**Student:** 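Below: one structure in structure tokens.
Keep in mind that this is a model prediction, so the values were computed, not measured. Positions are given from 1, in the same order as the sequence printed here.
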Amino acid sequence: MSRALTPRWALLFALGACGVCAAAEPLTLEKALEAVVERNERARIADADKEAAAGRLKQARAFFFPTVSLNGNYTRRAFENTRDINGTQVPLTQINAFSATAQMKWTLFDARGIPLYRAASANLRASEHLSREDHRLLAFEAADAFLQTIAADALLKAAEKHTEVAQQALKDAQARQTAGLAGTNDVTLAQLEASTAEVNRTEAVGRATSARVSLGYLLDVPTAKVQTLTEPESLVTTANAQPLEVEAATVAQAQEHRSDVLALKESAVAAGHAADEPSMRWVPSLSATGQARATNETGLAGRALDGYLGFDLTWVLFDGGDRYGARDALLAQARAATLQARLRERKVAVDVENALVALRTSRAGLLQARIAEEIATRNATESGLLYRQGLTSALQLADASARQFEASAIHVQKRYAVVLALLDVRAALGLDPLGREVTP
């Protein structure tokens with residue numbers, strides 16, 4: 001993306017003095033995207049690369065303008081030198097000698113400068129496209145990290161619920177043993193299940209913490225500022241409602257307007273202009289040189305001011321074949337750049353199709369995972385009731401509890417896999433994570 005998602009003043013107002021949000025304010029996906037563009041160094045690096053390309057264009061433009069230099073000189077001598085000219089003492093050198101020289105050099109015409117300037121202009125446009133693409137991909141990386149963190153939180157909640165169920169099952173087993181309705185093996189199995197649930201919960205805490213550390217690093221904010229995240233409900237709804245087909249015209253538009261494709265096309269144009277430069281060496285070049293000099297040592301001529309203006313015409317008839325070798329090498333590079341742009345353009349359609357396949361697969365997986373979780377939850381509930389009535393074993397109860405946790409974990413993963421698949425579709429179409437077109 002080449003611009004912030006909201007004006008800078010609105011961003012500062014929303015994020016507060018800490019740079020993202022107040023400690024108690026939940027972090028939304030929109031604010032995370034704003035923060036990563038404003039704060040992450042990679043966005044600023046992309047902007048700096050664009051500014052460097054603009055500087056190189058200025059250098060290429062300077063080829064068409066004159067250079068002017070000014071030089072001053074002061075000399076202190078031990079004595080003055082004079083000559084007698086027809087009875088008049090004419091000073092040749094002064095004790096205190098001053099002089100100032102202004103010099104101008106101007107290439108009036110050099111055909112090589114034209115393709116080089118065009119190449120620099122195309123490189124600047126390519127750099128602008130790359131900067132927008134870097135911003136866009138950085139936003140997608142932030143969206144992925146944001147969703148991964150929310151998914152880790154959901155897994156943690158499932159692990160905590162599993163721990164609570166396992167602890168309750170242990171209490172039930174101990175109560176049944178005390179009442180003489182169950183043996184020690186039931187308690188042992190319940191203890192094992194409770195211990196396993198606690199291990200799962202601890203691992204889930206670690207994953208959630210690591211996800212927050214990664215998100216905070218990406219947004220360049222302390223981890224404490226990304227503790228409370230707001231689930232992007234609209235994005236989740238869209239991920240399950242968006243059509244599974246993309247029109248051919250939309251794919252064609254993505255091929256024409258995706259920033260990385262445009263950058264490669266402009267690079268190919270720049271390479272083509274650069275390949276024209278060696279052929280321009282056949283054309284003669286014309287330059288002008290002028291100089292003006294002022295001094296207090298007029299000498300025999302008696303002139304304090306002097307100057308000249310000259311023109312140079314240069315025609316390199318033979319350079320040992322250097323221009324031919326340079327042209328062949330640059331033409332090959334231009335062809336390679338054109339093919340690279342064409343390859344990336346064709347890849348857009350493949351990216352879109354693969355992303356749609358992943359979205360279809362994720363939706364189907366989410367449907368099955370939701371059904372599996374419902375069945376596992378019902379099975380765990382029924383197993384708990386049967387165990388308390390003495391109609392099933394502790395082993396079956398532990399197995400039902402473990403299966404419920406596994407089904408819940410898979411459901412969480414599939415739920416956010418659908419959203420991530422939608423983001424991949426938008427990335428392939430050249431949109432931003434919120435589904436908006438990226439404009440200059």
**Student:** Is there a donor-acceptor pair closer than 3.5 Å between any side-chain N or O of Arg61 and the backbone N or O of Arg56?
**Tutor:**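 No, the answer is negative, given that no donor and acceptor are paired below the 3.5 Å cut-off.
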
**Student:** When you measure from the side chain of Thr178 to the backbone N and O of Gln174, does any donor-acceptor pair fall under 3.5 Å?
**Tutor:**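 Side chain of Thr178 to backbone of Gln174: a pair is present.
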
**Student:** Atom OG in Ser279, atom OH in Tyr324: separation rounded to 0.5 Å?
**Tutor:**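 If I round to the nearest 0.5 Å, the distance is 9.0 Å.
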
**Student:** Would Thr289 and Leu309 count as a side chain to side chain contact (heavy atoms under 4.5 Å, CB included) here? Give the steps.
**Tutor:** CA-CA 6 Å; Thr289 303; Leu309 176 64; over 6 Å; no

**Student:** Search all heavy atoms of Ala372 against all heavy atoms of Ala407 and return the closest pair with its distance.
**Tutor:**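 Closest heavy-atom pair between Ala372 and Ala407: O-CB, 4.0 Å.
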
**Student:** Can Glu231 and Arg415 be counted as an ion pair, charged N to O under 4.0 angstrom?
**Tutor:**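 Salt bridge present between Glu231 and Arg415.
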
**Student:** Can you list the steps and then say if Asp260 with Arg136 is a salt bridge (charged side-chain N to carboxylate O under 4.0 Å, His left out)?
**Tutor:** CA-CA 10 Å; Asp260 56 335; Arg136 191 176 75 95; 5.0 Å; no

**Student:** What class does the angle between the rings of Phe64 and Tyr117 fall in, given that below 30° is parallel, 30 to 60° is tilted and above 60° is perpendicular?
**Tutor:**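 Geometry flag for Tyr117 against Phe64: perpendicular rings.
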
**Student:** May I ask you to test the Leu138-Val37 pair for a side-chain heavy-atom distance under 4.5 Å?
**Tutor:**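 The answer is no; the side chains never approach within 4.5 Å.
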
**Student:** With Glu373, which of Lys414, Arg378, His411 fulfils side-chain hydrogen bond (donor to acceptor under 3.5 Å, both in side chains)?
**Tutor:**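 Of Lys414, Arg378, His411, side-chain hydrogen bond (donor to acceptor under 3.5 Å, both in side chains) with Glu373 is met by His411 alone.
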
**Student:** Going by side chain to side chain contact (heavy atoms under 4.5 Å, CB included), Leu286 matches just one of Leu108, Asp312, Thr314. Which one?
**Tutor:**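 Answer to the side chain to side chain contact (heavy atoms under 4.5 Å, CB included) test with Leu286 among Leu108, Asp312, Thr314: Leu108.
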
**Student:** Using modelled atom types and a 3.5 Å cut-off, is there a donor and acceptor pairing between side-chain atoms of Ser287 and backbone atoms of Trp106?
**Tutor:**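 Pair absent, no side-chain N/O of Ser287 close to backbone of Trp106.
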
**Student:** Can you check salt bridge (charged side-chain N to carboxylate O under 4.0 Å, His left out) on Arg323 and Glu277, steps first, answer last?
**Tutor:** CA-CA 9 Å; Arg323 70 189 69 175; Glu277 184 271 333; over 6 Å; no

**Student:** Are the charged groups of Asp276 and Arg118 less than 4.0 angstrom apart, N to O?
**Tutor:**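 Not counted as a salt bridge, because no side-chain N and carboxylate O are separated by less than 4.0 Å.
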
**Student:** Just checking, is any N or O donor in the side chain of Glu406 or His162 under 3.5 Å from an acceptor N or O on the other one?
**Tutor:**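 No, no side-chain donor-acceptor contact under 3.5 Å.
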
**Student:** List the atom of Ala334, the atom of Ala271, and the distance in Å for their closest heavy-atom pair.
**Tutor:**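 Scanning both residues completely, I find the closest heavy atoms to be CA-CB, 3.6 Å.
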
**Student:** Do Arg335 and Leu331 have side chains that get closer than 4.5 Å, going by heavy atoms?
**Tutor:**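 Answer yes - side chains close enough.
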
**Student:** Is the shortest heavy-atom distance from the side chain of Leu235 to the side chain of Pro433 under 4.5 Å?
**Tutor:**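 They are not in side-chain contact.
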
**Student:** Can you tell whether the side chains of Lys157 and Asp153 come within less than 4.0 Å, N to carboxylate O?
**Tutor:**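 Judged by the 4.0 Å cut-off on N to carboxylate O distance, Lys157 and Asp153 do not form a salt bridge.
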
**Student:** Yes or no on side chain to side chain contact (heavy atoms under 4.5 Å, CB included) for Asn200 and Phe405, after CA distance, side-chain angles and deciding distance?
**Tutor:** CA-CA 10 Å; Asn200 292 333; Phe405 170 69; 3.6 Å; yes

**Student:** Checking side chain to side chain contact (heavy atoms under 4.5 Å, CB included) for the pair Val316/Asp319: CA distance, chi angles, key distance, verdict?
**Tutor:** CA-CA 7 Å; Val316 180; Asp319 61 358; 4.1 Å; yes

**Student:** With a 3.5 Å distance limit and no angle check, can you tell me whether Gln227 reaches the backbone of Thr223 through a side-chain donor-acceptor pair?
**Tutor:**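 Such a contact is found between Gln227 side chain and Thr223 backbone.
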
**Student:** Say you draw a straight line from CD of Glu34 to CG of Leu29; how long is it, rounded to the nearest 0.5 Å?
**Tutor:**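 Separation between the atoms: 10.0 Å.
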
**Student:** Between Asn240 and Val236, is there a donor-acceptor pair closer than 3.5 Å when you use the side chain of the first and the backbone of the second?
**Tutor:**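 Flag set: sc Asn240 to bb Val236 pair under 3.5 Å.
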
**Student:** Okay, side chain of Thr107, backbone of Asp110: is any donor-acceptor separation there less than 3.5 Å?
**Tutor:**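 No; zero donor-acceptor contacts below 3.5 Å.
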
**Student:** Can you find a pair of side-chain heavy atoms, one from Glu256 and one from Gln253, that are under 4.5 Å apart?
**Tutor:**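 No, side chains not in contact.
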
**Student:** Run the salt-bridge test on Arg201 and Glu198 with the 4.0 Å N-O cut-off and return the result as yes or no.
**Tutor:**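 Answer for the salt bridge query: yes.
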
**Student:** So, Arg258 and Glu133, do they make that salt bridge, N to O below 4.0 Å?
**Tutor:**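 Result for this pair is no, no salt bridge flagged.
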
**Student:** If you compare all heavy atoms of Ala173 against all heavy atoms of Asp186, which two are closest, and at what distance to 0.1 Å?
**Tutor:**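 So the minimum-distance heavy-atom pair works out to CB-O, 4.0 Å.
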
**Student:** Can you tell me how far OG of Ser285 sits from CG of Leu313, rounded to the nearest 0.5 angstrom?
**Tutor:**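 Answer rounded to 0.5 Å: 7.0 Å.
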
**Student:** So do the side chains of Glu51 and Leu124 get within less than 4.5 Å of each other, counting heavy atoms only?
**Tutor:**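 Glu51 vs Leu124: side chains apart.
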
**Student:** Would you indicate whether the side-chain heavy atoms of Thr149 and Val226 approach each other to under 4.5 Å?
**Tutor:**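 Not touching, per the 4.5 Å side-chain cut-off.
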
**Student:** Counting only heavy atoms not in Arg370, do more than 12 sit closer than 6.0 Å to its CZ atom?
**Tutor:**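 Check passes, neighbour count above 12.
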
**Student:** If we ignore angles and hydrogens, is there a donor and acceptor under 3.5 Å between the side chains of Gln148 and Asp144?
**Tutor:**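 Note: Gln148 and Asp144 side chains miss the donor-acceptor criterion.
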
**Student:** Does Val246 offer a backbone N or O that forms a donor-acceptor pair with the side chain of Thr250 under 3.5 Å?
**Tutor:**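 Answer holds: no.
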
**Student:** Start with the C-alpha distance between Leu423 and Leu147, add both sets of side-chain angles, then the distance that settles side chain to side chain contact (heavy atoms under 4.5 Å, CB included), and finish with yes or no.
**Tutor:** CA-CA 11 Å; Leu423 292 181; Leu147 291 170; 3.6 Å; yes

**Student:** Please find the pair of heavy atoms, one from Ala159 and one from Ala204, that lie closest to each other, and give the distance.
**Tutor:**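 Nearest heavy atoms, Ala159 then Ala204: CB-CB, 4.0 Å.
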
**Student:** Contact between Leu429 and Val425 at the side-chain level, heavy atoms closer than 4.5 Å - yes or no?
**Tutor:**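 Leu429 vs Val425: side chains touch.
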
**Student:** Taking CD in Glu233 as the centre, count heavy atoms belonging to other residues, nucleotides or ligands within less than 6.0 Å. Is the count above 12?
**Tutor:**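 Yes, because the 6.0 Å sphere around CD of Glu233 holds more than 12 heavy atoms from other groups.
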
**Student:** Please report the shortest heavy-atom distance between His257 and Leu262, naming the atom on each side.
**Tutor:**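 Closest heavy-atom pair between His257 and Leu262: O-CD1, 3.6 Å.
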
**Student:** If you round to the nearest 0.5 Å, how far is CE of Met104 from OG1 of Thr67?
**Tutor:**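 It is 8.5 Å, given to the nearest 0.5 Å.
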
**Student:** Quick check: closest heavy atoms across Gly435 and Arg426, and the distance to 0.1 Å?
**Tutor:**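 Taking Gly435 first and Arg426 second, the nearest heavy atoms are N-NH1, 3.4 Å.
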
**Student:** Any salt bridge linking Lys265 with Glu345? Criterion: basic side-chain nitrogen under 4.0 Å from a carboxylate oxygen.
**Tutor:**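 The answer is yes: the pair qualifies as a salt bridge.
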
**Student:** With distance as the sole test, does Ser195 use its side chain to make a donor-acceptor pair with the main-chain N or O of Gln191 at under 3.5 Å?
**Tutor:**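 Here the side-chain-to-backbone pair does not exist.
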
**Student:** Spell out, as yes or no, whether a donor-acceptor pair under 3.5 Å connects the side chain of Asn123 to the backbone of Ala119.
**Tutor:**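 Flag set: sc Asn123 to bb Ala119 pair under 3.5 Å.
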
**Student:** What's the spacing between Ser267 OG and Gln340 CD if we round to 0.5 Å?
**Tutor:**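 Ser267 atom OG to Gln340 atom CD measures 10.0 Å (nearest 0.5 Å).
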
**Student:** With a 3.5 Å distance limit and no angle check, can you tell me whether Trp282 reaches the backbone of Trp315 through a side-chain donor-acceptor pair?
**Tutor:**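 No: the side chain of Trp282 does not pair with the backbone of Trp315.
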
**Student:** Which distance, rounded to the nearest 0.5 Å, do you find between the CG of Leu130 and the CD of Glu128?
**Tutor:**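 The CG atom of Leu130 sits 10.5 Å away from the CD atom of Glu128.
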
**Student:** Would you indicate whether the side-chain heavy atoms of Leu170 and Val187 approach each other to under 4.5 Å?
**Tutor:**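 Side-chain contact under 4.5 Å: yes.
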
